[in-house]
Engineer: 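Shown below is the structure under consideration.
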Number of protein chains: 2
Amino acid sequence: MTGCNLETIRYYENIGVMPEPPRSSKNYRVYDDSHVTRLRFIMRSRELGFTLEEVRDLLALVDGGAQTCGEVQVLANTHLTSVRTKIADLKRIEHVLSSTVAQCTGDDVPECPVIDALTEVA
Amino acid sequence: MTGCNLETIRYYENIGVMPEPPRSSKNYRVYDDSHVTRLRFIMRSRELGFTLEEVRDLLALVDGGAQTCGEVQVLANTHLTSVRTKIADLKRIEHVLSSTVAQCTGDDVPECPVIDALTEVA
DNA sequence: CCTTGAGCCTGTACCAACTACAGACACTAG
DNA sequence: CTAGTGTCTGTAGTTGGTACAGGCTCAAGG
């Protein structure tokens, strides 16, 4: 249906981002469209890297029914900033790693620029 | 000395990437240069995003004293690939987020492109 | 000499965001 | 009727640490 692991949904119920659904006579969870919609919202948020705490904030706004574009924009911009920071961090790492690995001979010798870089006293 | 939290060093000892150092008469840990060197190696590896499991592998090679540039290069390249994958993932996220947020009016209105994107049925 | 504050010691619990069981019941196909 | 799969509950494990609690030790100041 949503491709979401059932145990993950249960987890979302536990932490309160998904409501507890009604149960069948045999105690099985019975979901309706509103659950599916909400779960998709959470999944899409997670795909975009929002933490569950941020998702909780977004949902609180939407649940209130009185969210404003301005409020949502603030949350999204905060998240966007953290994403950009992560990209910058990873790019630095990528640069160091790739330029170091490029100096490797790849041979059967103990001398290795990668080890040197990691051992570096500086 | 290394700027590393003492509790982190203890954690490294527990998981076996740092050796248990000798103790003083009062049971205090006594570190020497070899510990400092090893800790710096771990810290630099972590800064470059290697997991502790990967650090363990690197250290196993170095500890054997018989590491070859080729072996190290394989580990480094594997890690480099995962770094590049993460960058690509985050760039996609950054693109979606920034182009969506750019459509926000930021006003006191409930309509919001970010919410629309998260609710999207497609 | 005594106190006070800091440092270290051990062990355990906590964080995110799930995943992976164990043990019990339910349901479906052959 | 039985085998295999699904769900149910609750708990423990994952990664890379951080944050105590409760106890010792040590150095400085009065």
Side-chain angles (χ1 to χ4, degrees), chain A residues 1-32 35-36 38-60 75 78-79 81-83 85-86 89-90 92-93 97 118, chain B residues 1-32 35-36 38-60 75 78-79 81-83 85-86 89-90 93 118:
Chain A
M1 173 71 76
T2 56
C4 187
N5 191 333
L6 192 46
E7 302 197 276
T8 301
I9 302 176
R10 250 181 50 72
Y11 171 71
Y12 289 161
E13 285 173 27
N14 276 335
I15 65 166
V17 294
M18 282 292 288
E20 304 239 354
R23 302 301 182 98
S24 73
S25 58
K26 292 304 174 188
N27 205 33
Y28 283 26
R29 289 171 176 77
V30 181
Y31 299 106
D32 64 21
H35 295 101
V36 174
R38 194 183 183 87
L39 182 55
R40 280 198 214 282
F41 184 98
I42 297 170
M43 290 171 78
R44 271 193 83 70
S45 302
R46 295 286 303 124
E47 280 165 22
L48 290 178
F50 285 98
T51 64
L52 282 172
E53 199 50 46
E54 289 169 324
V55 173
R56 203 192 296 275
D57 293 343
L58 285 168
L59 285 169
L75 295 181
T78 301
H79 178 53
T81 299
S82 88
V83 169
T85 302
K86 278 182 196 138
D89 289 347
L90 285 170
R92 270 192 298 97
I93 290 173
L97 270 177
L118 291 173
Chain B
M1 173 71 75
T2 56
C4 187
N5 193 333
L6 191 48
E7 302 197 277
T8 301
I9 302 177
R10 248 183 50 72
Y11 171 69
Y12 289 162
E13 285 173 28
N14 276 334
I15 64 167
V17 294
M18 281 292 288
E20 304 241 351
R23 302 302 181 97
S24 74
S25 59
K26 291 303 175 189
N27 205 32
Y28 282 27
R29 288 171 177 78
V30 182
Y31 298 106
D32 65 21
H35 294 102
V36 174
R38 193 184 183 86
L39 181 55
R40 279 198 215 283
F41 184 98
I42 297 170
M43 289 170 78
R44 270 192 84 69
S45 301
R46 295 285 304 126
E47 279 166 24
L48 289 178
F50 285 97
T51 64
L52 283 173
E53 199 49 47
E54 289 168 325
V55 174
R56 202 191 297 275
D57 293 343
L58 286 169
L59 287 168
L75 295 181
T78 301
H79 177 52
T81 299
S82 89
V83 169
T85 302
K86 277 184 197 138
D89 289 347
L90 285 170
I93 290 173
L118 292 173

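Just so you know, these numbers use all the heavy atoms, side chains as well, and skip hydrogens, waters and symmetry mates. Lettering follows sequence order; numbering is per chain, from 1.
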Engineer: State, with a plain yes or no, whether a side-chain heavy atom of B:Arg10 is found less than 4.5 Å away from one of B:Tyr12.
Structural biologist: no

Engineer: Using a heavy-atom cut-off of 4.0 Å across all strands, would you classify A:Ile15 as base, sugar-phosphate, or nothing?
Structural biologist: nothing

Engineer: Given the structure, check if the side chain of A:Glu7 and the base of C:dC21 hold any donor-acceptor pair shorter than 3.5 Å.
Structural biologist: yes

Engineer: Does A:Tyr28 make a side-chain N or O approach to OP1 or OP2 of C:dC27 shorter than 4.0 Å?
Structural biologist: no

Engineer: What is the distance from CD1 of A:Ile9 to P of C:dA20, rounded to the nearest Å?
Structural biologist: 15 Å

Engineer: Rounded to the Å, how far apart are A:Tyr11 OH and D:dT7 C1'?
Structural biologist: 21 Å

Engineer: May I have the distance from B:Tyr12 (atom OH) to D:dG16 (atom P), rounded to whole angstrom?
Structural biologist: 9 Å

Engineer: If the cut-off is 4.0 Å, is A:Asn5 near the phosphate of C:dC18, judged by side-chain N/O to OP1 or OP2?
Structural biologist: no

Engineer: Counting distance only, does the side-chain N/O of B:Arg38 pair as donor-acceptor with the main-chain N or O of B:Val17 below 3.5 Å?
Structural biologist: yes

Engineer: Is the shortest side-chain N/O distance from B:Arg29 to OP1 or OP2 of C:dC8 below 4.0 Å?
Structural biologist: no

Engineer: Which residue, A:Thr51 or B:Tyr31, contacts DNA chain C at a nucleotide closer to its 5' end, judged by nearest heavy atom?
Structural biologist: B:Tyr31

Engineer: Do the side chains of A:Arg29 and A:Glu13 get close enough for a salt bridge, i.e. N-O under 4.0 angstrom?
Structural biologist: yes

Engineer: Rounded to the nearest angstrom, tell me the gap between atom CD in B:Glu20 and atom C1' in C:dT10.
Structural biologist: 12 Å

Engineer: Expressed as a whole number of angstroms, how long is the span from B:Asn27:CG to D:dG23:P?
Structural biologist: 17 Å

Engineer: Need one value for A:Phe50: base, sugar-phosphate or nothing, where a base atom within 4.0 Å counts as base even if backbone is also close, heavy atoms only.
Structural biologist: nothing

Engineer: Rounding to a whole Å, what distance do you find between A:Asn14:CG and D:dT9:P?
Structural biologist: 9 Å

Engineer: Between C:dA16 atom C1' and A:Glu53 atom CD, what is the distance in whole Å?
Structural biologist: 10 Å

Engineer: Rounded to whole Å, please give me the gap between CZ in A:Arg46 and P in C:dA16.
Structural biologist: 11 Å

Engineer: Please state whether the phosphate of C:dT12, meaning OP1 or OP2, lies under 4.0 angstrom from any side-chain nitrogen or oxygen of B:Arg10.
Structural biologist: no

Engineer: Does a nitrogen or oxygen in the side chain of B:Thr8 sit under 4.0 Å from OP1 or OP2 of D:dT18?
Structural biologist: yes

Engineer: For residues B:Met43 and B:Thr2, report the shortest heavy-atom separation together with the two atoms involved.
Structural biologist: CE-O, 3.2 Å

Engineer: Can you check whether B:Arg23 has a side-chain N or O nearer than 4.0 Å to OP1 or OP2 of C:dT10?
Structural biologist: yes

Engineer: Toward the 5' end of DNA chain D, which comes first, B:Leu52 or B:Ser25, by nearest nucleotide?
Structural biologist: B:Leu52

Engineer: Of the listed nucleotides (C:dA26, C:dC18, C:dC9), which one gets closest to any side-chain atom of A:Lys26?
Structural biologist: C:dA26

Engineer: With a 4.5 Å cut-off on side-chain heavy atoms, are A:Leu97 and B:Phe50 touching?
Structural biologist: yes

